[in-house]
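For reference, the structure discussed in these notes is given below.
Note that these values count all heavy atoms, side chains included, but never hydrogens, waters or copies made by symmetry.
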Amino acid sequence: MKYEFSHFDPSAFERLCAALLAAEGYHVRQFARSGGPDYGIDFVFESERVACIVQVKLIRNDRMPISTLRSAIFDLQRSLIMMKAQRALLIVSVPVSIRVREQLPHAREVEIWDATRLESLLDRHPQVRQAYAAYITSSETLDSLLKALEAKAPTVEDIGAALLAELESVPSGTKSWKKYEDICVKILNHAFVPPLRMPRVQSRSHDGLDRRDAVYPIGSGQAFWDSIKYQHSARIVVAEFKNHANPIGQKEVESLQQYLMPDAMRSFGIICSRKPPSKPALKARRRAWMTSKNLILFLSDLDLQELVRTRTDGGDTSRILESQMEDFFITLAP
């Protein structure tokens, strides 16, 4: 489903954005139009007792002028001081390309969510997506839409605790491979979507053995994933899941390696497994890089748990992958 936001009126679009923030675990404190000075912002939300301000821009055309974006960023920077907030968020209803972002003033405390980010969030939070779909396909009143959008959603802490409990409950072994795949996909979605887009989980066969993987398109606007896309020739991430009781070895790495192909912009893979990889697996990973420039990272149960906890704490989950990459390249020898 492709989302178009131009049919919203400004108030409904603000409420949609507020609902997505709530679904992400933020708590909307006040709408600026509820009274008092608004300092050019639309609403305020809190996360971990940190006050954040939001400006929402609903654009009827396909593109937002760079001058409008610059003005909005300057407004938010001033409002940070006036409101004594710690973070600012600019939400716009159209895509903002990397080229445009590079022309904007550097403002580390101002984050931009564009239409692409909103689409990913709608994919991640079906309860908000359903309310959105009801608004565009039926004659439901705006009041009932807003009530649905503002319905209480699980907090990021609740989601994280449920994911950790589910991962722990899945036994290793072939009988539970589907359950392990399901929880791994949930954790990767929770940790990396967005900027990754929702995955396509597919089956493929090689030498008569059926395997399933999750293919994640890479979005734009996040430093680590931008580096994977442009420095490593990867438009997608391929994830495989190995619910083995023992550490994975050479065979498991080579099964993924055969699907990776830089010429197809498919050169980055992740293997999720219950335990850290064996030495043969690490050697096979090195060969994949040296022979084909395919980069493979490993996520054990401990790494998956760290992803969930980092997401709960509001940290940068990509650092877990980046740290493993750094170790790999530092120790890489001829």
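By the 4.0 Å N-to-carboxylate-O rule, Glu254 lies too far from Lys251 to be salt-bridged with it. With respect to the salt-bridge test (charged N to carboxylate O, under 4.0 angstrom), the residues Glu306 and Arg319 do not qualify. A salt bridge links Lys178 with Asp182: at least one charged nitrogen is closer than 4.0 Å to a carboxylate oxygen.
Put simply, Ile66 and Ile112 are part of the same group of oily side chains (I, L, V, M, F, W, Y) that touch within less than 4.5 Å, one to the next. The hydrophobic cluster containing Leu332 also contains Leu297, counting ILVMFWY residues as joined when their side-chain heavy atoms lie under 4.5 angstrom apart, directly or transitively. Criterion: ILVMFWY side-chain heavy atoms under 4.5 Å apart, direct or through other members. Under it, Met290 and Leu295 are part of a common hydrophobic cluster. Residue Ile320 is grouped with residue Phe329 when hydrophobic side chains (ILVMFWY) are merged at heavy-atom distances under 4.5 angstrom, including chains of intermediate members. Linking Ile, Leu, Val, Met, Phe, Trp and Tyr residues whenever their side-chain heavy atoms come within less than 4.5 Å leaves Met265 and Ile270 in two separate clusters.
Distance alone, capped at 3.5 Å, is enough to place a donor-acceptor pair between the Lys275 side chain and the Ala245 backbone. Judged by distance alone, with hydrogens and angles left aside, the side-chain atoms of Ser292 form no donor-acceptor pair with the main-chain N or O of Trp289 at under 3.5 Å. For the pair Ser97 (side chain) and Val100 (backbone), a donor-acceptor distance under 3.5 Å is present. Proximity of a side-chain donor or acceptor of Arg285 to a complementary backbone N or O of Ile296 within less than 3.5 Å is detected. Judged purely by atom type and a 3.5 angstrom limit, Ser267 uses its side chain to pair as donor or acceptor with the backbone of His232. Side chain of Asp303 to main chain of Ser300: a donor-acceptor pair is present (N/O by atom type, distance under 3.5 Å, no hydrogens or angles).
Counting heavy atoms of neighbouring residues, nucleotides and ligands inside a 6.0 Å radius, atom NZ of Lys293 exceeds 12 of them. Heavy atoms from other residues, nucleotides or ligands lying under 6.0 Å from CD of Glu326 number more than 12. Shown here is Arg101, whose CZ atom has more than 12 heavy atoms of other residues, nucleotides or ligands within 6.0 Å.
Two residues are said to be in side-chain contact when any heavy atoms from C-beta on lie closer than 4.5 Å; Leu21 and Val54 meet this criterion. Residues Val253 and Phe298 have side chains in contact (heavy-atom distance under 4.5 Å, counting atoms from C-beta outward). In this structure, the side chains of Val237 and Val215 stay at 4.5 Å or more apart for every pair of heavy atoms.
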Before you tell me yes or no, could you show the steps for Asp123 and Ser120 under side-chain hydrogen bond (donor to acceptor under 3.5 Å, both in side chains), namely the whole-Å CA-CA distance, both residues' side-chain angles and the distance that decides it to 0.1 Å?
CA-CA 5 Å; Asp123 286 339; Ser120 294; 5.4 Å; no

CA sep, side-chain torsions, deciding dist, call: Leu164, Glu168, side-chain contact (heavy atoms from CB on, under 4.5 Å)
CA-CA 6 Å; Leu164 291 175; Glu168 186 176 358; over 6 Å; no

Residues Ser273, Glu252; criterion side-chain hydrogen bond (donor to acceptor under 3.5 Å, both in side chains); working and verdict
CA-CA 10 Å; Ser273 61; Glu252 288 74 23; over 6 Å; no

Verdict with supporting geometry, Asn294 and Met261, side-chain contact (heavy atoms from CB on, under 4.5 Å)
CA-CA 7 Å; Asn294 288 325; Met261 185 187 306; 5.8 Å; no

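Closest of all the heavy-atom pairs between Trp177 and Asn243 is N-ND2, 3.9 Å. Across all non-hydrogen atoms, the minimal contact from Asp114 to Val96 is OD2-N, 2.9 Å.
Atom CG of residue Leu118 and atom CH2 of residue Trp113 lie 7.5 Å apart, to the nearest 0.5 angstrom.
With Tyr259 as the aromatic partner, Arg266 meets the cation-pi criteria of under 6.0 angstrom to the ring centre and within 45 degrees of the ring axis.
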